[in-house]
Visitor: 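My structure is below; once you've seen it, I'll send some questions.
Just follow the structure's listing: the first ligand is 1, and inside any ligand the first atom is 1. All of these numbers come straight from a predicted model, not from anything done at the bench. Reckoned from all heavy atoms, side chains included, excluding hydrogens, waters and symmetry mates.
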Amino acid sequence: MVDVEKIRADFPILHQQVYNNPLVYLDNAATTQKPEVVINAVRDYYLTVNSNIHRSVHYLGQQATLAFEESRQLVREFIHARHQHEIIFTKGATESINLVAGSFGRQFVREGDEIVISAMEHHANIVPWQLMCAERGANLRIIPFHPNGELMMDAYRELLNDNTRLVAVTHVSNALGTINPVKDVIALAHGRGIPVLVDGAQAVPHMKVDVMELDCEFYCFSAHKMYGPMGVGILYGKEEWLNKLPPYQSGGEMIRNVTFEKSTFGDLPFKFEAGTPNVADILGFRATLLYLNTIGMNRIAAYEEELMKHALDRLRAIPQVRLVGDSPHRAGVISFLIEGIHPYDAGTVLDKMGFAVRTGHHCAQPVMDIYGIPGTVRISLGLYNTREELNAFTDALNRVIEMFR
Ligand code: PMP
């Protein structure tokens, strides 16, 4: 089992008071806190090896390049990709999705074609496809979901047709917490030869992800939602597909040869990494992955599952609480409404009590529209949260309900 007190000691930010109350951080889906080893790795980089990569013959440049490529290797192992060059560094899940939408759209999408996404996507997995479809004269088709927050798989099956060029779906919903059956989503698309992009931003922090087992063509996530630094994202793509896509951005690093008449592009992964990357934070991410590996993602998943069950039991025991999304397959996130209290008001009072929760539409406005609500209160769990914090949270929630009565 996870030794949560030992883990908490690794996260300096957690040990503080806000408004004279101990901080209880329950906004992990927005961003997670960083362990000291990660903060130190970023600092150490600037103190000892700061140098540009892939271009310097000097010692520091070589050290920085080696460490940078080691990060890539660790990411490959972490998500079980076949090749190191299938790992592209971006600045976040949003940029990873934009990369695929832009490059895939230019290469493969024509007038009348269709892109399929689900109704529970984060805006990051809606708007890039919407813009690309508008440019290419293509149409966006939407997989609906049941009131409990599960995808309607029959409707999905019917959406797939000869015009479908790509399916893009979230692994875990940031608004509802649903873990989608992405393996089935992928297999059904593959039955028609359609590639699939999975938005794994809310999955990778909570479970072991194996991209070869999933067999998706693309998988996207952000380091900052999994205890790593901000400004680092990953795009995993199958070699075959990354080779088929044109570059996303252009400039230094990504070329093989440049003349005024014509430029040729580098091999993977450099073709998609124009300009100087965020080396310091990518090395911080290396420290994150080493940290998570020492705990073990399966142990983290088991611990969080217990925590999730406990939180759900406590919330269900409050008659005024209505869960929004209630799939038995869930990770990380619980969204709910409190009878008679606007989510924003509840969030504001909870904040004064030391609880960092999120209120609003969680960058998933279509989800809120489907339920006909302006937003929810959302708590999202991380590996350092405890049962005691959740007990304190639900006690506080009861006090808030009393206050507004
Ligand atoms: N997808 C999902 C499911 C998310 O929850 C988020 C962040 N809330 C994103 C994509 C975008 O991540 P980022 O802002 O780190 O690019």
Visitor: Is the closest N or O pair between Thr94 and ligand 1 shorter than 3.5 Å?
Guide: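 Yes, Thr94 has an N/O under 3.5 Å of an N/O on ligand 1.
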
Visitor: Hey, is Asp199 touching ligand 1 through its side chain, its backbone, both or neither, going by heavy atoms under 4.0 Å?
Guide: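 Looking at Asp199 and ligand 1, just side chain atoms fall under 4.0 Å.
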
Visitor: Suppose we measure from atom 5 (O) of ligand 1 to each protein heavy atom; which comes out shortest, and what is that distance?
Guide: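 Going by distance alone, atom 5 (O) of ligand 1 is nearest to Gln202 NE2, 2.7 Å.
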
Visitor: With atoms numbered from 1 as shown, which atoms in ligand 1 lie under 4.0 angstrom from a non-hydrogen atom of Asn174?
Guide: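 Heavy-atom distances to Asn174 below 4.0 Å select 5 (O).
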
Visitor: Before you tell me yes or no, could you show the steps for Glu213 and Lys183 under salt bridge (charged side-chain N to carboxylate O under 4.0 Å, His left out), namely the whole-Å CA-CA distance, both residues' side-chain angles and the distance that decides it to 0.1 Å?
Guide: CA-CA 8 Å; Glu213 196 204 330; Lys183 236 185 133 174; 3.3 Å; yes

Visitor: Below a 4.0 angstrom heavy-atom separation, can you tell me which part of Ala201, side chain or backbone, both or neither, approaches ligand 1?
Guide: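 Side chain only; the backbone of Ala201 stays clear of ligand 1.
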
Visitor: Scan side-chain atoms only and decide if His85 and Glu239 contain a donor-acceptor pair under the 3.5 Å cut-off.
Guide: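 Checked: His85/Glu239 side chains pair up, N/O donor to acceptor below 3.5 Å.
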
Visitor: Do Asn278 and Asp281 have a side chain donor and acceptor closer than 3.5 Å?
Guide: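 Side-chain D/A pair, Asn278 to Asp281: present.
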
Visitor: Counting only heavy atoms closer than 4.0 Å, does ligand 1 sit against the backbone of Lys225, its side chain, both, or neither?
Guide: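 Side chain only; the backbone of Lys225 stays clear of ligand 1.
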
Visitor: In terms of side-chain heavy atoms, does Asn385 have a donor or acceptor partner in Glu389 at a distance below 3.5 Å?
Guide: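 Yes, a side-chain donor-acceptor pair sits under 3.5 Å.
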
Visitor: At a non-hydrogen distance cut-off of under 4.0 Å, which region of His224 contacts ligand 1 (side chain, backbone, both, or neither)?
Guide: side chain

Visitor: What orientation do Phe145 and Tyr371 show, parallel under 30°, tilted 30 to 60°, or perpendicular over 60°?
Guide: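 Taking Tyr371 first and then Phe145, their aromatic rings sit tilted (interplane angle of 30° to 60°).
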
Visitor: Validate the cation-pi geometry between Lys244 and Trp241: distance from NZ or CZ to the six-membered ring centre under 6.0 Å, angle to the ring axis within 45°.
Guide: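 Yes, Lys244 sits over the ring of Trp241.
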
Visitor: Starting from atom 4 (C) of ligand 1, what is the nearest protein heavy atom, named by residue and atom, and what distance separates them?
Guide: His122 CD2, 3.4 Å

Visitor: Does Lys91 come within less than 4.0 angstrom of ligand 1, counting non-hydrogen atoms of the residue?
Guide: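 It does not; every heavy atom stays at 4.0 Å or beyond.
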
Visitor: Which atoms of ligand 1 sit under 4.0 Å from any heavy atom of Ser222?
Guide: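 Reading through ligand 1 atom by atom, the close ones are 12 (O), 13 (P), 15 (O), 16 (O).
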
Visitor: Parallel, tilted or perpendicular, judged at 30° and 60°: which one describes the rings of His123 and His361?
Guide: tilted

